[in-house]
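Taking it in order: structure first as structure tokens, then the write-up.
When a residue number appears, it is its place in the shown sequence, counting from 1. What you see below is based on every heavy atom in this structure, not just the backbone, and it leaves out hydrogens, waters and symmetry mates.
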Amino acid sequence: CELFYSLNEVSKTIGSDHTKQSPRDTNSRVQINQLELSGDIWSYLYILAVVLPLLILVYTYWLFKNYTKALTKELKDKILQERPFVAYQQLEITSHTEKDKQALFNYIATHYTNCELNLELVCTQTGLNRGKVNELLKDELGLTFTGYLNKVRLTEAARLLTNKVDANVAEIAFAVGYKNVSYFNKLFKEEYACTPKSFKSYMR
């Protein structure tokens, strides 16, 4: 025959002094062919299924918010550190006693928006040769002509992205002297570790 017991009644059935099925000092053999446990745990699973995704969502939001905050701070610090390269700012050329340096920095600062600006044009307009231009920039800033020109343009682009809310990326690229938007995006990402569009959203 089959017997069904609840767990809280097992002690009364097996090994009890008050039952005839298992008298004291008598070995008994009990065989359990089927054991079925029942209980109401589904409610806990349902709660877990609802709460766990919410916790993951909250944590993800918190992580993203802190990452964005840290990245924004890093970008602002980078802009402040690079102010000497900003073309719109008055360059500190009074300390440069050499006429060549003054001519070079003045010319780049006032013509960086020209998309046709290159080393040959700078040499022609300033009267300096290629070697002298690169030497001045290398000694003063540790950059080549191309590196310095890109630094000036990208720093100005970062300022425009921060201040000109209505301007799109293409307009800003053209405004600082880039006629190829894809190339501008590539250089900007290398410099600031994010796209111009992302930079604009971070700096709002």
Side-chain angles (χ1 to χ4, degrees), residues 64 66-204:
F64 177 76
N66 280 272
Y67 169 77
T68 303
K69 185 177 179 181
L71 182 58
T72 302
K73 183 179 182 303
E74 182 181 345
L75 291 173
K76 288 181 178 179
D77 290 343
K78 186 175 179 64
I79 290 175
L80 291 175
Q81 291 171 1
E82 293 179 346
R83 284 199 173 186
F85 298 105
V86 181
Y88 69 88
Q89 191 176 30
Q90 181 64 37
L91 295 175
E92 296 290 338
I93 59 173
T94 55
S95 61
H96 302 306
T97 57
E98 298 89 343
K99 183 180 176 180
D100 291 344
K101 284 184 181 180
Q102 187 173 9
L104 176 61
F105 283 105
N106 272 337
Y107 187 82
I108 295 176
T110 54
H111 293 84
Y112 72 95
T113 57
N114 179 7
C115 62
E116 302 298 332
L117 185 65
N118 55 33
L119 182 55
E120 294 298 332
L121 182 58
V122 170
C123 291
T124 301
Q125 296 299 318
T126 60
L128 304 172
N129 59 47
R130 295 171 61 95
K132 186 63 176 179
V133 170
N134 280 318
E135 179 185 338
L136 291 173
L137 291 172
K138 195 74 174 178
D139 292 343
E140 189 71 17
L141 303 168
L143 295 170
T144 63
F145 168 77
T146 301
Y148 176 67
L149 180 60
N150 282 329
K151 180 75 75 172
V152 170
R153 286 173 169 174
L154 293 173
T155 307
E156 175 66 1
R159 185 189 73 85
L160 294 176
L161 286 167
T162 303
N163 297 336
K164 292 187 174 297
V165 180
D166 298 330
N168 59 45
V169 172
E171 290 172 337
I172 289 174
F174 298 144
V176 298
Y178 291 104
K179 56 185 177 180
N180 187 316
V181 179
S182 297
Y183 181 61
F184 167 69
N185 285 331
K186 176 179 177 292
L187 292 177
F188 193 94
K189 189 171 183 180
E190 289 176 355
E191 182 69 20
Y192 292 100
C194 65
T195 64
K197 186 176 180 180
S198 297
F199 180 91
K200 189 174 183 179
S201 65
Y202 291 143
M203 304 302 288
R204 283 180 181 176

Quick one: ring-ring contact (aromatic ring centres under 6.0 Å, His included) pairs with a partner in residues 151-177, sequence neighbours left out? none

Shortest non-hydrogen contact from Lys101 toward Leu136: CG-CD2, 3.7 Å

What pair of heavy atoms forms the shortest contact from Val181 to Val169, and how long is it? CG1-CG1, 4.4 Å

Please verify the inter-ring angle class for Tyr148 with Phe105; under 30° counts as parallel, over 60° as perpendicular, anything in between as tilted. perpendicular

Which pairs, with at least one residue in residues 123-134 and sequence neighbours excluded, count as a side chain to side chain donor-acceptor pair (under 3.5 Å)? Glu120-Arg130

Starting at CG of Leu161, measure out to CD1 of Ile172 and round the result to the nearest 0.5 Å. 3.5 Å

Tell me every residue that passes salt bridge (charged side-chain N to carboxylate O under 4.0 Å, His left out) with Lys138, counting only those two or more places apart in sequence or in another chain. none

Under 3.5 Å, is there a donor-acceptor pair between the side chain of Glu156 and the main chain of Arg153? no

Under the rule for ring pair (Phe, Tyr, Trp, His ring centres under 6.0 Å), what residues qualify as partners of Phe145, not counting sequence neighbours? none

Answer yes or no: is there a donor N or O on one side and an acceptor on the other, between the side chain of Lys200 and the main chain of Ala167, under 3.5 Å? yes

Could you walk me through whether Lys151 and Glu191 pass the salt bridge (charged side-chain N to carboxylate O under 4.0 Å, His left out) test, one step at a time? CA-CA 8 Å; Lys151 180 75 75 172; Glu191 182 69 20; 2.9 Å; yes

Contact summary for Asn185 and Pro196, nearest pair of heavy atoms: OD1-CG, 3.2 Å

Could you tell me whether the side chain of Tyr202 reaches within less than 4.5 Å of the side chain of Thr162, counting heavy atoms only? no

Working to the nearest 0.5 angstrom, can you tell me the gap between Arg159 CZ and Leu154 CG? 14.0 Å

Those residues at least two apart in sequence (or on a different chain) that pass side-chain hydrogen bond (donor to acceptor under 3.5 Å, both in side chains) with Tyr107 are none

According to the interplanar angle, ranging from 0 to 90°, do the rings of Tyr178 and Phe184 count as parallel (below 30°), tilted (30 to 60°) or perpendicular (above 60°)? tilted

Report the distance from atom CG of Leu117 to atom OH of Tyr112, rounding to the nearest 0.5 Å. 11.5 Å

Are Phe188 and Thr195 side-chain neighbours, meaning at least one heavy-atom pair lies under 4.5 Å? no

Please check this pair: side chain of Ser201 against backbone of Ser198, looking for a donor-acceptor N/O pair closer than 3.5 Å. yes

Quick one: list whatever passes side-chain contact (heavy atoms from CB on, under 4.5 Å) with Thr113, sequence neighbours left out. none

Once you round to the nearest 0.5 Å, how far does CG of Asn114 lie from NZ of Lys179? 9.5 Å

